[in-house]
Number of protein chains: 2
Amino acid sequence: MEFMKQFLIAKNIPITDENWNIFAEKNIRREYKKKDIILKEGEIDDYLTIVEEGAARLFFIKQNKEITTRFVFKYQYLTSYDSFLNRSPSRCNVEALTDMVLWRVHYDDLQEVYRTSNVGNLIGRLTIESIYVEKLNKEFSYLSESAEERYLKLMKEQPDLFQLIPLKHIATYMGITPQALSRIRRRIS
Amino acid sequence: MEFMKQFLIAKNIPITDENWNIFAEKNIRREYKKKDIILKEGEIDDYLTIVEEGAARLFFIKQNKEITTRFVFKYQYLTSYDSFLNRSPSRCNVEALTDMVLWRVHYDDLQEVYRTSNVGNLIGRLTIESIYVEKLNKEFSYLSESAEERYLKLMKEQPDLFQLIPLKHIATYMGITPQALSRIRRRIS
DNA sequence: CGCCGAGTTGAACTGAATCAAGAAACGTGG
DNA sequence: CCACGTTTCTTGATTCAGTTCAACTCGGCG
């Protein structure tokens, strides 16, 4: 978890060694292989999970088709939040897109961190603030731009996505079918 | 702010009187009249704002049309979060749908609360957790259900919406035009 | 009474979905 | 390193949900 401490310090987030240790010692390292299913739809996500290495996606099934809702990379949180927070079955699956190294805290351990120091609330707040803003941006983009505009924006802002991830997942992430994305790409080139 | 303390206690959220006072004394009461614009697009939202009485909506303008993204009611937070958190111009306008009573903390005061006690991080975390889950539900609904299904669900889950709010706002909130909503309603009845 | 905003309805249009089939790229084992 | 099967991507034809533009009704309110 040392990477995360560096991360917080770099972001100028105040944290004492003692508080940090309370949090860090609850985190457990875990590895996954490419294509592993890290969480299955219907299961309760018991872990707040951060990515040290690799990439993953969250997706749900709609009429036998996979709809990707989020990509997660290095130093981002990978949790199926509604499941984790509400202790309810996850609507999403989580799949490793590459080999991965993860660190995770169990829900119960996190509750203890919340009780015994304020570092949990701080990290929890900052984490969810950033993914909420990410979701707001996606919503705004979806409601105000055409699929073609969204594609161009994604190309510009996250070109690495296109190296790493099959177009079919990018398509459903954009809210369109792979066929529609293919046609957009042809139109542009 | 007494209502909010009751609210936290009812939710079994641990908070000492001292910590509560640190937070509560930073909050300022403010009233608005129906149709008042509480925040304009382009302004930076300086306040974390909770609703004691009344209702409001957040909306943005797309090609001269208003697209509503969220309704906010009693005991919910009304902030334009991306603006508030990133200190950036708001993409959204906030409009009072009824006469309102609000309580708000200024951004700078909140930073001080974050520094001097853990109540800020706790309240901040819980607040944003709940609106994030709300947004996840909306996204899921949007991606997996037809407009008609979403309408029926909304009728069932939030029938009060239809008493209080013009259909044209509900339509854009659902991601469709008022005309399309009108046709759905006819088809159903 | 006349006006204005909300809601409804119609007709034409459109972006994207769907279904289906072929081409290209990938990876796995011999 | 090649051959094969599988997955990904592309392309075409058709269909459909929802948009757009425009006209009309209804109800409240100055």
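By convention in this document, chain letters (A, B, ...) are assigned in the order of the sequence lines, proteins followed by strands, and residues within each chain are numbered from 1.
- Side-chain proximity of A:Ala180 to C:dA17, D:dT20, D:dT19: nearest is C:dA17.
- Note: A:Tyr132 and A:Tyr81 fail the aromatic proximity criterion, with ring centroids not under 6.0 Å apart.
- Between the C1' atom of C:dG27 and the NZ atom of A:Lys34 lies a distance of 10 Å, rounded to the nearest Å.
- Centroid-to-centroid, the aromatic rings of B:Tyr173 and B:Phe59 stay 6.0 Å apart or farther.
- Looking at the side chain of A:Leu167, the nearest of the listed nucleotides C:dA6, D:dC9, C:dA17 is D:dC9.
- With hydrogens and angles left out, the side chain of B:Arg183 and the base of D:dT20 share a donor-acceptor pair within 3.5 Å.
- Relative to the side chain of A:Ala147, the nucleotides C:dA16, C:dG7, D:dT10 differ in distance, and C:dA16 lies closest.
- One atom, CD of B:Gln179, and another, P of D:dC24, lie 16 Å apart when rounded to the nearest Å.
- Of the side-chain N and O atoms in A:Arg187, none sit less than 4.0 angstrom from OP1 or OP2 of C:dG15.
- For A:Tyr151 and D:dC9, the OH to C1' distance is 12 Å, given to the nearest whole Å.
- Taking atom CG on A:Asn64 and atom C1' on C:dA17, their separation rounds to 16 Å, with Å as the unit.
- Atom CD1 of A:Ile170 is separated from atom C1' of D:dT10 by 16 Å (rounded to the nearest Å).
- The existence of a salt bridge linking B:Lys153 and B:Glu145 is confirmed by a sub-4.0 Å separation between a basic side-chain nitrogen and an acidic carboxylate oxygen.
- Between B:Tyr47 and B:Tyr107, a ring centre-to-centre spacing not shorter than 6.0 Å is recorded.
- A close approach under 4.0 Å does occur between a side-chain nitrogen or oxygen of A:Lys65 and OP1 or OP2 of C:dT18.
- Counting to the nearest Å, the P atom of C:dA6 and the CZ atom of B:Phe162 are 17 Å from each other.
- At least one side-chain nitrogen or oxygen of B:Thr177 sits closer than 4.0 Å to the OP1 or OP2 atom of D:dT19.
- For A:Glu95 and D:dT7, the CD to C1' distance is 13 Å, given to the nearest whole Å.
- Close to C:dT9, at under 4.0 Å from its OP1 or OP2, lies a side-chain N or O of B:Arg186.
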- Determine, stepwise, if the pair A:Phe23 / A:Tyr114 fulfils ring pair (Phe, Tyr, Trp, His ring centres under 6.0 Å). CA-CA 9 Å; A:Phe23 180 67; A:Tyr114 285 156; 9.0 Å; no
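- The CD1 atom of B:Ile184 sits 12 Å away from the P atom of C:dT8 (whole-angstrom rounding).
- Among C:dG5, C:dT8, D:dC9, the nucleotide with an atom closest to any side-chain atom of B:Lys168 is C:dG5.
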